[in-house]
Amino acid sequence: MSANPLPVTPPLTKKDFQSDQDVRWCPGCGDYVILAQVQRVLPELGIPRENIVVISGIGCSSRFPYYMNTYGMHSIHGRAPAIATGLKVARPELSVWVATGDGDGLSIGGNHTIHVLRRNVDMKILLFNNRIYGLTKGQYSPTSQVGMKSKSSPYGSLDAPFDPLRLALGAGGTFVARAVDAEPAHLTEVLRRAAHHKGTAFIEIYQNCVVFNDGAFDYMTEKAAREETRLVLTHGKPLVFGKAKDKGIRLNPKLEPEVFQIGREGDLSQCLVHDETSETLAWILAHLQPPKFPTPVGVFRAVSAPTYDAGVHEQEEEVRGKKGAGDLAKLLGSGETWTVS
Amino acid sequence: MSANPLPVTPPLTKKDFQSDQDVRWCPGCGDYVILAQVQRVLPELGIPRENIVVISGIGCSSRFPYYMNTYGMHSIHGRAPAIATGLKVARPELSVWVATGDGDGLSIGGNHTIHVLRRNVDMKILLFNNRIYGLTKGQYSPTSQVGMKSKSSPYGSLDAPFDPLRLALGAGGTFVARAVDAEPAHLTEVLRRAAHHKGTAFIEIYQNCVVFNDGAFDYMTEKAAREETRLVLTHGKPLVFGKAKDKGIRLNPKLEPEVFQIGREGDLSQCLVHDETSETLAWILAHLQPPKFPTPVGVFRAVSAPTYDAGVHEQEEEVRGKKGAGDLAKLLGSGETWTVS
Amino acid sequence: MDATANHPEREHPGKETPREEVETVTIRFCGDSGDGMQLTGTEFTKSTAIAGNDLATFPDYPAEIRAPAGTLPGVSGFQIHFSSRDIYTPGDAPDVLVAMNPAALKTNLPDLVAGGVLIVNKDAFSDVNLQKAGYGQNPLDDESLARKYRFFKVDISGLTERALAGSGLTSKEVALCKNMFALGLMFWMYGRPMEATIAGIRRKFAKKPQIAEANVKVIHAGFNYGETAEMFAHKYEVKPARLPPGRYRNVTGNQATALGLAAAAQKAGVRLFLGSYPITPASDILHELSYLKNYGVTTFQAEDEIAGIGSAIGAAYGGALAVTTTSGPGMALKTEAMGLAIMLELPLVIIDVQRGGPSTGLPTKTEQADLLQAVYGRNSEAPLPVIAASSPADCFGAAYEAFRIAVQYMTPVILLTDGYLGNGSEPWLIPNVEKLRPIEVKYRRDPEGFQPYARDPKTLARPWVIPGTPGLEHRIGGLEKDFTTGSVSYDPQNHERMVRIRAEKVAGIAKGLAPTEVFGKPEGDLLVVGWGGTYGALHQAAEQLQAKGNRVSHLHLRYLNPLPPDVGDILRRFRHVLVAELNLGQLAKILRATYLVDAASYNKIQGKPFKIAEIVNRCREILEPDGARA
Amino acid sequence: MDATANHPEREHPGKETPREEVETVTIRFCGDSGDGMQLTGTEFTKSTAIAGNDLATFPDYPAEIRAPAGTLPGVSGFQIHFSSRDIYTPGDAPDVLVAMNPAALKTNLPDLVAGGVLIVNKDAFSDVNLQKAGYGQNPLDDESLARKYRFFKVDISGLTERALAGSGLTSKEVALCKNMFALGLMFWMYGRPMEATIAGIRRKFAKKPQIAEANVKVIHAGFNYGETAEMFAHKYEVKPARLPPGRYRNVTGNQATALGLAAAAQKAGVRLFLGSYPITPASDILHELSYLKNYGVTTFQAEDEIAGIGSAIGAAYGGALAVTTTSGPGMALKTEAMGLAIMLELPLVIIDVQRGGPSTGLPTKTEQADLLQAVYGRNSEAPLPVIAASSPADCFGAAYEAFRIAVQYMTPVILLTDGYLGNGSEPWLIPNVEKLRPIEVKYRRDPEGFQPYARDPKTLARPWVIPGTPGLEHRIGGLEKDFTTGSVSYDPQNHERMVRIRAEKVAGIAKGLAPTEVFGKPEGDLLVVGWGGTYGALHQAAEQLQAKGNRVSHLHLRYLNPLPPDVGDILRRFRHVLVAELNLGQLAKILRATYLVDAASYNKIQGKPFKIAEIVNRCREILEPDGARA
Ligand SMILES: Cc1ncc(C[n+]2csc(CCOP(=O)(O)OP(=O)(O)O)c2C)c(N)n1
Ligand SMILES: Cc1ncc(C[n+]2csc(CCOP(=O)(O)OP(=O)(O)O)c2C)c(N)n1
Ligand code: SF4
Ligand code: SF4
Ligand SMILES: [Mg+2]
Ligand SMILES: [Mg+2]
């Protein structure tokens, strides 16, 4: 179980990450885009393919590992973060990715998700948010909007949804981001950032389910509307959006965000400037929702903090340093002993 | 199961809420104080005793229901919020309270806790936070500080803790508060506020475990230090603390809080003013931690929002209004039918 | 299609196609999951029900939501078995196979009986589709097909297009109508009434009349094709069955379960509360019940299975008839909470619509392998009653019975159904609401002499006391409790007494059961024992064997824990006992341990129900061991 | 205290108290949980071990962390049984009872053997304490005590105070020393060496020498009191036992389990990974292992039991020896994930330290009622091996063996221990590390011909391939998989084949087992069958019955699933089979179903282990049914 000597290999390509399994999502499903972008980003990282592991739970999105020519596990519903934690702690040299859905990761698996975030275990969590249970054929999920009619809510859902990013921030997430299947280039960028983050990287990916919740994100993905309805976050850049880049976000005296017309209603200097290290700003951004606000995409928060897995190994080193490497015979014979002859 | 006609009863007293069971916490445990304050507040509410139900999980804190002369259930570890949800939805006229611990409510039961908060089911959650697993004799908990030595972390815990309030805010909590066993009068005040909140009221109560984590909150409960180390929140009042009321909290340009000397370093007008309805402020307050900041106690956030349980019943009414009360014979005979004679 | 096993002359078509009488037919529609086979099957079913046949159906979906079009995993099938006699299964093997594309042909042809009718949509056998199905060359060119089957190549797609020429529909919309052509053809072949289907289509597409009319047109086109194409030698008649008189409807097991639950709550006069987390194949119960908000039915879609049962426990404590529904993996997650419900002695129904396992297993396939989990799968001594439904329609009575036991004995009850029952359908004689056995809910209200765990001397049930009742405030919980007061008790003797009385209470349910019925003679050479969804296959196998003079009887157990008191005697009256189950012998284990009877097992674990013939053959091997060996 | 059953004259004290030789003694220390009874017991145990006796201990804590002082629920007890012969249980009933307060007297006196030694701290019998214990009047005034027992009222508190007069300790600190007085007195009475205890105290209180010396002083005071008080007629000698030679230490079952796990990982040369969530009485395994960070041991305190096993599955996938530990309710929560581990065919050890149930039950008490859950408690056909430890020290070998099976057969393995084993202790012959059976871990590294589910023809184990191995990238999961490639397969025949081969693999473990040993003759009138922590009681009962000439043998099963191949034959060689279990007959169910042997059950469900006498009596009833009835 010691780290394998890394063989010298020619640089990998996207194709190297495609498994031999037929992809079995519905034609047009947003999952295809996400798969392709991950397969595009991984070769750039220079990590040998055998050192990458993708772990998923159950759901359409959780079929992800089957299509990745890496190590992978399609586990049980909601438990991928826990399984990934065990793997990463036992094998810190591996690059561990979790593929999960809004049901898998936030409904049945919500507890594991928040505990991984709290501990900051070094793994990348891709949460495919289609705001529906796809695999079980269309029940509302914990991210479905109030009023959604679904198989299990024929008169409209009454559950207030989670905002996955707010939940992740509340759990102490050190890297929290959002991307959308319909903007693959931006998604790639966010994936790349996540891949380089040390600690839990939590990426909510808006994903269109063409069968059970088609068009849920059209409002912000359709070319025509996009510039007015979504806001691309860039560290150090003001929060400006609109086709004419004429709208900004500022805080009102109650510390609540508001949209203003740059020029007409205020000047650029009032505009909030994105800062990935500000705890407060990430929280405010996570509250920007349609119809009043554009939907932010990009990295909301990225800060560096000790990871749990590294901590475990440092502590082991430390104890070994102090006590010496364990000797089994000594261990068995420790404590008060006596001899019978 | 229809609402019972409320009998005309003389006003209840604290004693009416004391059960006949011997209280079995360790002498000096903070749980006694919390019990006494709840028993003090309940009679004020004018709710008939039989309409109050206390549901708990497992833990020292979860023995709470045994000592309350109301209806109650000491359930299984972590599941009280789910059980309480079923009860409240089935019987919305009941006043439902949950007693839980940092292990019960945030470790094994974390998922149910965040889902109750998300749905805003009308119940009061008292989270006894002693930052330790008491009942199982002293393992670190998800709120234990990094480095804590405990039975299961002899070399110091490596887990970054949750901040329960941040988690509750992240889950969408509509009433989020903190109190501490050592200040019973203030605790009573917070309990009273919670009791009147419609929706999930989440109260973190710092509670001293004299056996396994004694003195965890001394820094902010000892008379001598208190004025400097804790900050009592009052809606509409500036965030001022210190024996001489000479310190305030303001935001720096990065939107991060900082302490300043009123007068010397700035004037009172720069001071943040507490606003229970501001989403942003509650979040900022939840980040105030020693040693740099005083620990806020009181109501961080209180907003009104639809409750899940009321929604369920409104929807039922609505459907009944549209379709008429269900008729069983019609239901069984619905759909395509044919007759064999 | 028993009556047609001898090949009629295919070369002898006549304008007036003769209508040949047959007793029993099994038809399977299959095609790509985008081809609408489930709808086709359902419509044929409806029409067959209206024609007065007894019937049973079995839908077989692909595991994927939408597997790529044309591929093998994307094949969807729907089988219907109908008859002028009583029918108990969806049929061992189709007599008629309608295959809409090459993939469907490939996966389904092996099941078609020799000499059966094979109808294919020949237009779908394009190179692309053949390749997707893994055919090296076009199987339609294979002459052996025509030798083995009554083989009809129909240009269904083309005929549909022609029927809709000028309709203004897009070619995609046109393509979606081709299943209606097949339906119309089958309507013609079996002389089914089409009115209900046509009316239904018009209702469904009320807002898109163009689509509605296109569908109707294509149905007629299919029907007329049969009538005019001079291709089909025969049309058939399946006379109405002699079913008990009354009003019928077709129900799936999951629908019947939902109705049974709702009926129990209505009869008891209390709220029904379902706490559930979706899982295949149980989700439909949640879906069905979530429509019934005007029936005092509350459905709570919980965050997971534990919250599903947790919320149900809370609702039961509050006085509701509470139920939680799930399938195998979810069942595993609920076991800790079941222990709590057992300690609390609250009524609760737990429904497991079993599926193929272990783990995620074969989620869309059927199996009967959760029995031991249901009976034993909890920490410590945690007994609860377990019952099983035996057919789709029987799910109604089983769900109803589960609540009756739960309330009468103040206990959680497990009801086992399975994917085959849940998704399968059959005609259901709609019960008279007045005649449903009453379910009496009596909350304790009297403070006089109240003790939370004082028991009814007959049932050993403790009182059901609900919050809101003045003067009865008390606490319950998962720690061991005092025999009478229900307060926490660590007393060793009390613990033993409580463990034993909980066991005794559940065991005592057996006393209240009606004598167990055996199909066939009460003694003989072989008793075939089963439970749950295999009822139809075992029953018909026994019937066939009995008809041939074998001393074979069939015992089907609804009550699996406790077992009815007379089961031991019944088993001992037969030379051989064969327990046939879709698992590795779980009921057999229980019977052997309980009665020390050397019961043999016949097991099948293929995600599929038994075929009647499989049972018959196994029985023959036992009855004539030499013959079988020969 | 067999040898002293006849009362010695109490009126005949002599300066030189005679030392009387006895073979076996059981002492119980009891008092308020604040009185330090566990420490007292542990120290006496240490000293007794050093004296060379065989011994067994049983601590009995209150359920509460700190029940109010002086109350009945606050009583804490520690029993030690030691002997010059082999010892297998902590003793049925104490020969000597040391009661530090009225509550302890009240709850423990009923257990004291007639004629036993009763020592009370008479200073503790204040009005307040008497009232808390529910005594109407002072039981010490009751003359019958002196008639029934050798009764000594000692002013332990007062004597302790006097011993520490002028020590500068607070009165609270002084009060905390009084248990040392009792300890010293017992040291005197049984001639125990005190050096180790004294050295230990000095080490423990190295930073508080004042406290250390006070404790030492009080021990001496107690010792000297015995020597000088002219109160005790006898002191006793228990000669060293003839134990196998070697180095010994005292271990609790939980310690031994932890050591067994660590040893397995060390021998295998891989990391040990424990994923666990605390729960009584299993937490101590987590505690023990969390100290061993320099042994390549990783402990992960998970957020719940599901994450506990989940993380262990992840670690096993990564190549670690992975284990998860829990007790009943936590076991229930892990069952879904066990199904996954079964599908993945990864090695994993799952330890259930059983406790009283159902539900939360009696969390601090022992029971053996999770057997059926362990064997059957998962959805669908999900077989895995189940083994059990039979004594505290045996937990070492059992844990080690669990890993051996897990790795050799690539399977999750359940190890059952219980609260009685976990907290109880006995001397343990420290094994020679070199001689531990090797555990061979071979990760597959060769890409040539690699198939994730190709099996070893002998063990049917699939290869263990760990991420990081170039060229072997592949995916596994919980869906049914193809027999060879491990890819997802919905094929019906493949499913049956996989279900059967998983069962066969587990069943095949039986082939590798050594012949089962029976204690006593291989045939006879009665075979007493047991498993797990009841070993000692059953063994000694059989021994006693054999000594009286009865044809009784004892079979104790370590392997519960699969059962060893020779068990059926063994059972059939006895006229009667009695399965004695701390549950309602779970192993009996399995044996009856497997062998159709009419095994009777003897059950006790009181949160307590069997007494030897209980087994002996039950056996006598079977052997002499008339005698028993008379
Ligand atoms: C223990 C358990 N409970 C329930 C299920 C059924 N189930 C499978 S996937 C799923 C929800 C999937 O939703 P999501 O995670 O959003 O994934 P999507 O299909 O939308 O990508 C459910 C409820 C299961 N497989 N296991
Ligand atoms: C399923 C299950 N897992 C574990 C336990 C053991 N357990 C009981 S209480 C507890 C933790 C209690 O901690 P907390 O909620 O903080 O309560 P406290 O005792 O500190 O008040 C644990 C791990 C249990 N009873 N059930
Ligand atoms: S059901 Fe929805 S999420 Fe699932 S594969 Fe189809 S389109 Fe994608
Ligand atoms: S262990 Fe701690 S939390 Fe539990 S009762 Fe004692 S002092 Fe209170
Ligand atoms: Mg989803
Ligand atoms: Mg705690």
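Chain A is the first sequence line, chain B the second, and so forth, proteins listed ahead of strands; every chain is numbered from 1.
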Colleague: Would you confirm whether A:Lys88, through its side chain, and A:Leu94, through its main-chain N or O, come within 3.5 Å as a donor-acceptor pair?
Modeller: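 It does hold such a pair.
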
Colleague: Which heavy atom in B:Ala80 sits nearest to a heavy atom in B:Gly57, and how many Å separate them?
Modeller: CB-N, 3.8 Å

Colleague: Check for a donor-acceptor pair, side chain of B:His274 on one end and backbone N or O of B:Val299 on the other, with a separation under 3.5 Å.
Modeller: yes

Colleague: Hydrogens and angles aside, do A:Ser152 and A:Tyr133 bring a side-chain donor and acceptor to less than 3.5 Å of each other?
Modeller: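 Looking only at side-chain atoms, A:Tyr133 and A:Ser152 do not form any donor-acceptor pair under 3.5 Å.
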
Colleague: Between B:Asp159 and A:Arg118, is the closest basic N to carboxylate O distance under 4.0 Å?
Modeller: yes

Colleague: When you measure from the side chain of B:Gln270 to the backbone N and O of B:Gly248, does any donor-acceptor pair fall under 3.5 Å?
Modeller: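 Checking the backbone N and O of B:Gly248 against the side chain of B:Gln270, no donor-acceptor pair under 3.5 Å is found.
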
Colleague: Counting only non-hydrogen atoms closer than 4.5 Å, does B:Val121 touch chain A with its backbone (N, CA, C, O), its side chain (CB onward), both, or neither?
Modeller: neither

Colleague: Most heavy-atom pairs under 4.5 angstrom with chain A, which of B:Ser278, B:Ser107, B:Ala286?
Modeller: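 Option with the top pair count is B:Ser107.
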
Colleague: Please classify the contact of A:Leu165 with chain B as side chain, backbone, both or neither, using a heavy-atom distance under 4.5 Å.
Modeller: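 Interface part for A:Leu165: neither.
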
Colleague: Could you look at A:Leu106 and say if it's the side chain, the backbone, both or neither that has a heavy atom under 4.5 Å from chain B?
Modeller: backbone

Colleague: With a 4.5 angstrom heavy-atom cut-off, could you sort out which part of A:Glu279 is near chain B: side chain, backbone, both or neither?
Modeller: both

Colleague: With only heavy atoms counted, which part of A:Asn120 is less than 4.5 Å from chain B, the side chain, the backbone, both or neither?
Modeller: neither

Colleague: What part of A:Thr113 gets closer than 4.5 Å to chain B, counting heavy atoms only: side chain, backbone, both or neither?
Modeller: neither

Colleague: So which part of B:Ile284 gets closer than 4.5 Å to some heavy atom of chain A, the side chain, the backbone, both or neither?
Modeller: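 When you check distances to chain A, only side chain atoms of B:Ile284 fall under 4.5 Å.
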
Colleague: Using non-hydrogen atoms only, which part of A:Pro161 is less than 4.5 Å away from chain B: side chain, backbone, both, or neither?
Modeller: backbone

Colleague: A:Gln315, A:Arg166, A:Arg119: which one forms the most heavy-atom pairs within less than 4.5 Å of chain B?
Modeller: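 Greatest number of close heavy-atom pairs with chain B: A:Gln315.
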
Colleague: Is there a donor-acceptor contact under 3.5 Å linking the side chains of A:Thr277 and B:Lys254?
Modeller: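 Yes - a donor-acceptor pair under 3.5 Å links their side chains.
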
Colleague: State whether the side chain of A:Asp104 and the backbone N or O of A:Ile58 hold a donor-acceptor pair below 3.5 Å, judged by distance alone.
Modeller: yes

Colleague: Which bit of B:Pro164 comes within less than 4.5 Å of chain A, counting heavy atoms only: side chain, backbone, both or neither?
Modeller: neither

Colleague: Counting only non-hydrogen atoms closer than 4.5 Å, does B:His112 touch chain A with its backbone (N, CA, C, O), its side chain (CB onward), both, or neither?
Modeller: neither

Colleague: I'd like to know which of B:Ala305, B:Gly156, B:Pro306 tops the heavy-atom pair count under 4.5 Å against chain A.
Modeller: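 Most heavy-atom pairs under 4.5 Å with chain A: B:Gly156.
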
Colleague: At a heavy-atom distance under 4.5 Å, which candidate from A:Leu117, A:Val273, A:Leu169 has the highest pair count against chain B?
Modeller: A:Leu169

Colleague: Counting only heavy atoms closer than 4.5 Å, note whether A:Val146 contacts chain B via side chain, backbone, both or neither.
Modeller: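 Neither part.
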
Colleague: Please identify, among A:Phe162, A:Tyr155, A:Trp283, the residue contributing the most non-hydrogen atom pairs under 4.5 Å to chain B.
Modeller: A:Trp283

Colleague: Run through A:Leu239, A:Leu281, A:Ile249 and flag the one making a side-chain contact (heavy atoms from CB on, under 4.5 Å) with A:Pro257.
Modeller: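 When side-chain contact (heavy atoms from CB on, under 4.5 Å) is applied between A:Pro257 and each of A:Leu239, A:Leu281, A:Ile249, only A:Ile249 qualifies.
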
Colleague: Under 3.5 Å, is there a donor-acceptor pair between the side chain of A:Arg301 and the main chain of A:Gly173?
Modeller: yes

